[in-house]
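Values reported hereafter were calculated over all heavy atoms of this structure, with side chains retained and with hydrogens, waters and symmetry mates removed. All chains are named by letter (A, B, ...) in the order of the sequence lines, taking the proteins before the strands, and each is independently numbered beginning at 1. Values in this document were obtained by computation on a predicted structure and should not be read as measured data.
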Amino acid sequence: MKLEQDYLVNFLYLVQNVIARQVNLAKLEGEPREICGVDVAYKGEVGVAVVVCDGENQLVKKATGRVGFPYIPGLLFMREAPLMIRALQDLKPDLLLVDGHGIAHPRRSGIATVLGVLLNIPTIGVAKSRLVGEVIEENGINYVVLNGEKVGVKVGKYYYSPGNLVSLDDVINLSRMGYPRVLREADRLSKVYRNDLKLS
DNA sequence: GCGACAG
DNA sequence: ATCTTGTCGC
């Protein structure tokens with residue numbers, strides 16, 4: 001599968017626009033009790049999604065499967081969201097951190113937003129590099145501005161943006177706590193399981 | 001046409 | 001993301 005300029009891309013853009021319209025940027029209410037992080041590692045065409053959670057009972061869940069969709073900037077969700085959803089299974093975290101952007105996206109529909117809307121849970125996107133927007137400093141905060149609107153913040157080398165059911169302030173608060181442990185663990189474990197793959 | 005472009 | 005050697009700095 002190597003689509004490039006297909007009608008499928010336009011269709012997926014339409015899907016993202018519909019999802020973006022469902023986003024709710026209301027402030028998170030109360031302290032999230034269970035916070036999870038999700039990431040994916042690959043071994044060729046096979047992907048391993050890992051979810052790591054903090055809270056009452058810490059837990060790790062994973063899902064493995066062949067990934068048939070290619071990586072296309074702006075359509076990352078098509079490549080990784082399916083496996084991430086499988087790894088999450090019936091989990092309903094109070095907050096899910098996703099490796100990638102939220103509304104700091106061309107159509108305000110990054111993978112964190114897609115997961116947040118589809119699963120109807122609070123999500124925040126944490127990316128290692130910029131996809132869109134410009135970074136503008138204001139009152140000591142480096143905002144990611146898109147079309148004149150603040151859609152996220154940059155702290156160090158990381159970009160944080162709302163996925164769904166969280167406010168920009170919630171995102172700023174999280175960004176001030178350093179790179180999330182659950183994400184670092186999800187990243188580490190996904191690679192561990194990836195390496196243990198074609199063996200045991 | 002050219003450059004940019006999450007993972 | 002993944003591949004992949006050596007090198008710079010704390």
Asker: Anything under 3.5 Å between a protein N or O and an N or O of nucleotides 7-10 of chain C, put it in a table, one pair a line.
Answerer:
none

Asker: Does Tyr42(A) reach a base, just sugar-phosphate, or nothing at all? Heavy atoms under 4.0 Å.
Answerer: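 Touches sugar-phosphate only.
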
Asker: Phe69(A), Phe11(A): one ILVMFWY side-chain cluster at the under-4.5 Å cut-off?
Answerer: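 Yes; tracing contacts between hydrophobic side chains, which count when under 4.5 Å, links both residues.
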
Asker: With a cut-off of 6.0 Å (strictly less than), are more than 12 heavy atoms of other residues, nucleotides or ligands near CZ of Arg33(A)?
Answerer: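 No.
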
Asker: Taking OP1 and OP2 of dA1(C), is either one under 4.0 Å from a side-chain nitrogen or oxygen of Lys43(A)?
Answerer: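 No, Lys43(A) has no side-chain N/O under 4.0 Å of OP1/OP2 on dA1(C).
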
Asker: Write out the stems for DNA chain C, ordered by first number and formatted as range with range, counting runs of at least 3 consecutive Watson-Crick or G-U wobble pairs under 3.5 Å.
Answerer: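 Stems for DNA chain C, defined as runs of 3 or more consecutive pairs: none.
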
Asker: Check for me, please, whether Tyr71(A) and Val98(A) land in the same ILVMFWY cluster - side-chain distances under 4.5 Å, paths through other members count.
Answerer: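 Shared cluster, yes.
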
Asker: Answer yes when Glu138(A) and Lys150(A) have at least one side-chain N-carboxylate O distance shorter than 4.0 Å, and no when they do not.
Answerer: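 Yes, charged N to carboxylate O under 4.0 Å.
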
Asker: Under 4.0 Å from any heavy atom of chain A: name the first and the last nucleotide of DNA chain B that qualifies, 5' to 3'.
Answerer: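 Listing 5' to 3', DNA chain B meets chain A from dA4(B) to dG7(B).
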
Asker: For the atom pair CG (Asp94(A)) and CG (Asp54(A)), what is the distance rounded to the nearest 0.5 Å?
Answerer: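 So the gap between those two atoms works out to 12.0 Å.
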
Asker: Is there a path of hydrophobic side-chain contacts, each under 4.5 Å between heavy atoms of I, L, V, M, F, W or Y residues, that connects Val40(A) with Ile72(A)?
Answerer: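 Same hydrophobic cluster.
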
Asker: In terms of hydrophobic clusters joined by side-chain contacts under 4.5 Å, are Val171(A) and Ile136(A) together?
Answerer: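 Yes: a chain of side-chain contacts under 4.5 Å links Val171(A) to Ile136(A).
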
Asker: Counting any heavy atom closer than 4.0 Å, what does Gly74(A) reach on the DNA or RNA strands: base, sugar-phosphate only, or nothing?
Answerer: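 The answer is base, as Gly74(A) lies within the cut-off (heavy atoms under 4.0 Å) of a base atom.
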
Asker: For DNA chain B, what dot-bracket results from Watson-Crick or G-U pairs at under 3.5 Å, with [ ] for crossers and | for inter-strand partners?
Answerer: .......

Asker: At a heavy-atom distance below 4.0 Å, what parts of residues 101-119 of chain A sit against DNA chain B?
Answerer: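 When residues 101-119 of chain A is checked for heavy atoms under 4.0 Å from DNA chain B, the hits, listed by number, are His101(A), His105(A), Gly110(A), Ile111(A).
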
Asker: Does a sphere of radius 6.0 Å around CD in Glu56(A) hold more than 12 heavy atoms from other residues, nucleotides or ligands, not counting ones at 6.0 Å or beyond?
Answerer: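 Count not over threshold, so no.
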
Asker: Go through the steps for Ile141(A) and Ile172(A) under the test side-chain contact (heavy atoms from CB on, under 4.5 Å), then give the verdict.
Answerer: CA-CA 9 Å; Ile141(A) 296 179; Ile172(A) 292 175; 4.3 Å; yes

Asker: Can you tell me how far the CG atom of Leu183(A) sits from the CD1 atom of Ile35(A), to the nearest 0.5 Å?
Answerer: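 Here the interatomic distance stands at 10.5 Å.
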
Asker: Please find the pair of heavy atoms, one from Thr113(A) and one from Arg108(A), that lie closest to each other, and give the distance.
Answerer: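 Answer, listing the atom of Thr113(A) first, then Arg108(A): CG2-O, 3.8 Å.
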
Asker: At what distance, to the nearest 0.5 angstrom, does CD1 of Ile19(A) lie from CG of Asn17(A)?
Answerer: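 Reported value, rounded in 0.5 Å steps: 9.5 Å.
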
Asker: Does anything in residues 19-49 of chain A form a ring pair (Phe, Tyr, Trp, His ring centres under 6.0 Å)? List the pairs, not counting sequence neighbours.
Answerer: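 Pairs touching residues 19-49 of chain A that pass the test: none.
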
Asker: Rounded to the nearest 0.5 Å, what separates atom CZ in Phe77(A) from atom CE in Met84(A)?
Answerer: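 If I round to the nearest 0.5 Å, the distance is 12.5 Å.
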
Asker: When clusters are formed by joining ILVMFWY residues with side-chain heavy atoms under 4.5 Å apart, either directly or through shared neighbours, do Leu88(A) and Leu165(A) land in the same one?
Answerer: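 As far as the 4.5 Å side-chain criterion goes, Leu165(A) and Leu88(A) are not connected within one cluster.
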
